[in-house]
Amino acid sequence: MKARVLSGIQPTGSPHIGNYLGALKNWAKIQYDYDSIYCIVDLHAITLYQDPKELRSKIFELAGTLLAIGIDPKHSALVVQSSVPEHAELAWMLTCVTPVGWLERMTQYKAKSEAQESIGDGLLQYPVLMAADILLYQAGIVPVGDDQSQHLELARDIAQRFNSLYGETFVMPATRLPSVGARIMGLDDPEKKMSKSTAGTGHAIGLLDAPDAIRKKIMRSTTDSQPGVNIENPGAGVRNLLTIFQAFMDWPDDQMQQHFAGMRYGDLKKQVAEAVLAKVEPIQARYREITADPGYVAKVLEEGAARVTPLARETVQKAKKAMGLFTAD
Ligand code: ATP
Ligand code: MG
């Protein structure tokens with residue numbers, strides 16, 4: 001039996017090159033080596049307020065984008081989290097074995113709650129729901145960006161605690177990070193991770209952004225006052241541009257060094273823009289083809305949910321029995 005891969009992305013906005021290089025590129029690449037399940041995690045998205053109409057349309061846009069980057073629905077299940085209620089059901093059971101202190105320590109919780117006047121409980125519970133997503137399918141491998149490493153570690157702690165309290169129930173999941181591009185930074189502020197939910201037109205490059213807009217954003221990205229690329233010790237903005245280029249082109253380090261050492265920033269930016277567009281334009285063309293048939297994406301999502309539901313039910317049954325909750329059999 002093949003090991004299972006699971007990963008998710010929130011429909012909180014349009015997916016960007018950080019999502020692509022940190023996670024989605026890997027999803028497509030490793031899907032055939034495993035039994036793969038990829039989730040559009042709408043229950044995670046509502047941990048911060050989402051406009052309902054917008055959320056619905058983002059779910060479809062995201063599903064279309066995932067298909068366009070090469071997620072093959074004949075092989076991998078593409079699922080919307082809320083269409084499998086067992087995610088929320090298992091999350092409650094896991095909530096009851098998770099100390100609040102573990103959750104309060106999470107970097108993402110601290111960063112995302114900082115901007116809120118009143119902090120919703122969902123924001124604190126976020127990593128428990130994420131643990132449920134993973135443990136529900138007994139996933140062994142979780143390909144994510146670096147920002148999710150801490151949540152993955154927590155998912156393992158939760159699984160371990162459950163297993164030691166109630167007996168072996170869950171497979172222990174491993175984190176899979178890309179070697180280059182695990183943390184792409186904002187183009188406007190290279191100290192901050194590129195995020196869907198961060199405002200600002202110059203912040204993120206959307207996978208569906210118009211080519212001209214992509215060029216402009218890269219040409220205007222923050223660098224520093226050095227005359228050209230200091231390859232030994234580039235500033236944060238230049239390092240980020242080099243990482244974006246390398247992750248898109250899959251060049252080895254020595255080729256990067258030879259090619260970019262001393263290059264003027266204007267030239268660097270032009271080359272980064274062309275490297276991004278060479279990958280992103282074909283994705284956009286496939287996106288247009290896929291979404292031309294209005295019923296297709298909905299059908300894929302329905303099939304995905306139907307495929308994974310028996311797996312989800314099996315794990316919930318197992319967890320309920322382990323805890324002594326009521327089951328009919
Ligand atoms: P949000 O701002 O709503 O949290 P996001 O851009 O952080 O959106 P998520 O849906 O939270 O995106 O994450 C989806 C996947 O993309 C995760 O695996 C995450 O680790 C990865 N990811 C997110 N941002 C980056 C980034 N800047 N660089 C690399 N990977 C990233
Ligand atoms: Mg995020």
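Note that ligands are numbered from 1 as they come in the structure, with each ligand's atoms numbered from 1 the same way. Quick note: numbers below take in every heavy atom, side chains included, and nothing from hydrogens, waters or symmetry partners.
Among the atoms of A23, none of the N or O lies under 3.5 angstrom from an N or O of ligand 1. Residue-to-ligand polar distances keep P143 apart from ligand 1: every N/O pair is separated by 3.5 Å or more. In terms of N/O distances under 3.5 Å, ligand 1 is approached by K112. Geometrically, ligand 1 and K196 share a nitrogen or oxygen pair separated by less than 3.5 Å.
Side-chain atoms of Y126 and Q10 include a donor-acceptor pair closer than 3.5 Å. Side-chain contact of Q81 with H44: a donor-acceptor pair under 3.5 Å is present, judged by distance alone. Between the side chains of Q255 and Q246, not a single donor N or O lies within less than 3.5 Å of an accepting N or O.
With a 4.0 Å heavy-atom cut-off, ligand 1 is reached by the backbone of V144 and by its side chain too. Only the backbone of R183 comes within 4.0 Å of ligand 1, counting heavy atoms alone; no side-chain atom from C-beta on gets that close. Proximity of A45 to ligand 1, defined as any heavy-atom pair under 4.0 Å, is not found for any part of the residue.
With respect to atom 25 (C) of ligand 1, the closest heavy atom belonging to the protein is K193 NZ, 3.7 Å. The protein heavy atom nearest to atom 11 (O) of ligand 1 is Q10 NE2, 3.0 Å. In terms of protein heavy atoms, atom 30 (N) of ligand 1 is closest to G18 O, 3.1 Å. Nearest non-hydrogen protein atom to atom 28 (N) of ligand 1 is I184 N, 2.8 Å. The nearest heavy-atom contact from the protein to atom 19 (C) of ligand 1 is D147 OD1, 3.3 Å. With hydrogens left out, the protein atom closest to atom 2 (O) of ligand 1 is S197 OG, 2.4 Å, a heavy atom. Scanning the protein heavy atoms around atom 6 (O) of ligand 1, the nearest turns out to be H16 NE2, 2.7 Å. From the protein, the heavy atom lying nearest to atom 13 (O) of ligand 1 is N19 ND2, 4.0 Å.
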Practice task
Apply side-chain contact (heavy atoms from CB on, under 4.5 Å) to M185 and K192, showing your working.
Solution key: CA-CA 6 Å; M185 310 309 281; K192 279 214 182 102; 5.5 Å; no
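With a 4.5 Å cut-off on side-chain heavy atoms, L177 and T175 count as touching. A heavy-atom distance below 4.5 Å is found between the side chains of L103 and Q125. Under the 4.5 Å side-chain criterion, counting only non-hydrogen atoms from C-beta, V238 is in contact with L242.
Closest heavy-atom contact between I214 and Q284: CD1-NE2, 4.3 Å.
Between A204 and ligand 1 there is no heavy-atom distance shorter than 4.0 Å. Contact analysis leaves M185 out of contact with ligand 1, as no non-hydrogen atom separation drops below 4.0 angstrom.
The contact set between ligand 1 and A182, taken as ligand atoms under 4.0 Å from a residue heavy atom, comprises 28 (N), 29 (C), 30 (N). The T12 neighbourhood of ligand 1 comprises atoms 1 (P), 3 (O), 8 (O), with distances under 4.0 Å to a heavy atom of that residue. Against a heavy-atom cut-off of under 4.0 Å, M194 is close to the following atoms of ligand 1: 24 (N), 25 (C), 26 (C), 27 (N). Close approach of ligand 1 to G181 (heavy-atom distance below 4.0 Å) involves ligand atoms 29 (C).
Using a cut-off of 4.0 Å between Lys/Arg side-chain N and Asp/Glu carboxylate O, K2 and D35 are scored as not salt-bridged. A salt bridge does not link R239 with D224: none of the charged nitrogens is closer than 4.0 Å to a carboxylate oxygen. In this structure, E274 pairs ionically with R215, as a charged nitrogen and a carboxylate oxygen lie closer than 4.0 Å. Between K58 and D42 there is no salt bridge, since no side-chain N of the basic residue sits under 4.0 Å from a carboxylate O of the acidic one.
Both tests hold for R161 against W102: distance to the six-membered ring centre under 6.0 Å, angle to the ring axis within 45°.
Counting heavy atoms only, Q148 comes closest to atom 17 (C) of ligand 1 of the residues M130, Q148, K25.
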